[in-house]
Amino acid sequence: MTAQVYFEDIETGYLLPTLAATVTETQMFFFSAATYNGHRIHYDKDWARDVEGYDDVLVQGPLQAALLSRTLTDWIGGAGRLVRFSVQSRAIAYPGQELTFGGVVTGKRSADLVDLDIFCRRDADVLMPGTATVALPRRRTT
């Protein structure tokens with residue numbers, strides 16, 4: 001668990017701690033079951049190759065988005081709040097590839113709001129860019 005981050009401690013350009021994750025086919029199976037996603041492209045290798053033309057099954061975009069939102073909620077801590085989250089799925093990922101999730105602070109606003117550019121990437125390729133706004137607590141002054 002990370003220490004609580006506060007509004008006063010963050011400046012534009014601050015890089016969030018990244019999360020590195022390698023999605024497995026087992027994770028993909030459970031995610032498909034939990035989200036009631038039966039698309040064969042996520043579990044049937046022959047279908048993915050022969051019908052869809054991919055090299056392997058594909059990691060679900062919503063699973064990548066969930067890992068990205070986890071990166072944010074881990075960083076903001078228990079007293080922070082995810083206010084807005086928006087992503088675009090622009091490229092595919094295969095199971096077994098290491099993905100990196102993170103972001104950078106692009107601005108601070110009154111009312112304790114912090115704006116971010118966020119990403120899921122594989123090496124230098126951004127698979128899922130996005131933006132987010134979080135609310136961070138202020139330090140109490142006595």
Side-chain angles (χ1 to χ4, degrees), residues 1-45 47-49 51-142:
M1 181 167 241
T2 61
Q4 180 63 55
V5 62
Y6 292 92
F7 184 80
E8 295 86 351
D9 300 334
I10 302 304
E11 297 299 331
T12 299
Y14 176 89
L15 297 175
L16 275 62
T18 57
L19 169 69
T22 302
V23 176
T24 67
E25 290 183 37
T26 302
Q27 260 182 304
M28 292 169 51
F29 170 81
F30 283 113
F31 190 83
S32 283
T35 59
Y36 203 66
N37 179 352
H39 195 309
R40 293 172 69 174
I41 203 165
H42 301 301
Y43 68 87
D44 186 333
K45 289 179 191 236
W47 177 274
R49 284 187 203 118
V51 177
E52 301 285 348
Y54 294 105
D55 294 334
D56 199 350
V57 292
L58 304 183
V59 175
Q60 300 94 328
L63 176 53
Q64 293 174 56
L67 290 165
L68 184 49
S69 67
R70 174 186 157 194
T71 303
L72 295 173
T73 56
D74 284 354
W75 174 66
I76 64 176
R81 185 169 48 92
L82 181 58
V83 175
R84 191 178 59 78
F85 179 84
S86 176
V87 294
Q88 297 176 351
S89 185
R90 292 199 181 159
I92 61 170
Y94 295 115
Q97 295 178 328
E98 184 175 85
L99 305 176
T100 304
F101 303 88
V104 61
V105 172
T106 57
K108 292 172 68 173
R109 296 188 265 151
S110 60
D112 309 334
L113 297 178
V114 176
D115 296 317
L116 305 117
D117 282 343
I118 56 177
F119 62 83
C120 164
R121 70 175 181 238
R122 178 187 54 240
D123 300 320
D125 298 327
V126 176
L127 309 180
M128 181 174 284
T131 58
T133 300
V134 299
L136 295 177
R138 289 193 180 262
R139 292 189 180 279
R140 293 182 185 219
T141 57
T142 53

Quick one: pull up [atom1] in [X] and [atom2] in [Y] and give me the separation to the nearest 0.5 Å.
X	Y	atom1	atom2	result
Ile92	Glu52	CD1	CD	11.0 Å
Glu25	Ser32	CD	OG	11.0 Å
Arg81	Asp112	CZ	CG	9.5 Å
Thr100	Leu127	OG1	CG	9.5 Å
Arg90	Asp125	CZ	CG	13.0 Å
Leu58	Leu63	CG	CG	12.0 Å

Exercise for the section: For Arg49 and Tyr54, indicate whether the former's side chain and the latter's backbone hold a donor-acceptor pair under 3.5 Å. Expected result: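 No, Arg49 side chain to Tyr54 backbone: no donor-acceptor pair under 3.5 Å.
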Exercise for the section: Kindly say whether Ile76 contributes a backbone atom to a donor-acceptor pair with the side chain of Gln4 at under 3.5 angstrom? Expected result: yes
Exercise for the section: Count the heavy atoms belonging to other residues, nucleotides or ligands that lie under 6.0 Å from CZ of Arg70, then report whether that count exceeds 12. Expected result: no
Exercise for the section: Decide yes or no for Met28 and Val59: does some side-chain heavy atom of the first lie under 4.5 Å from some side-chain heavy atom of the second? Expected result: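 Met28 reaches Val59 side chain to side chain.
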Problem - Flag side-chain contact, heavy atom, 4.5 Å: His42 against Val57 - result: no
Practice task
With side chain to side chain contact (heavy atoms under 4.5 Å, CB included) as the test, would you mind laying out the steps for Thr18 and Phe101 before giving the verdict?
Solution key: CA-CA 5 Å; Thr18 57; Phe101 303 88; over 6 Å; no
Practice task
Please step through side chain to side chain contact (heavy atoms under 4.5 Å, CB included) for the pair Val114 and Tyr14, ending with a clear verdict.
Solution key: CA-CA 11 Å; Val114 176; Tyr14 176 89; over 6 Å; no
Which atom of [X] lies closest to which atom of [Y], heavy atoms considered:
X	Y	result
Glu98	Thr22	CA-OG1, 3.6 Å
Phe85	Leu68	CE1-CG, 4.1 Å
Trp47	Asp44	N-OD1, 3.0 Å
Thr71	Pro17	CG2-O, 3.7 Å
Arg138	Phe7	NH2-CE2, 3.2 Å
Ala66	Phe31	CB-CE1, 4.4 Å

Handout entry: Test log, rule side chain to side chain contact (heavy atoms under 4.5 Å, CB included), inputs Thr106 and Thr131
Key = CA-CA 9 Å; Thr106 57; Thr131 58; over 6 Å; no
Fill in the blank from the handout: When Leu72, Asp115, Leu116 are each screened for side-chain contact (heavy atoms from CB on, under 4.5 Å) with Thr133, the one that passes is Asp115
Handout entry: From Arg121, Gln64, Met128, residue fulfilling side-chain contact (heavy atoms from CB on, under 4.5 Å) relative to Leu99
Key =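 Exactly one candidate clears the test, Gln64.
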Exercise for the section: Give the intermediate values and the outcome of side chain to side chain contact (heavy atoms under 4.5 Å, CB included) for residues Asp9 and Arg139. Expected result: CA-CA 9 Å; Asp9 300 334; Arg139 292 189 180 279; 2.5 Å; yes
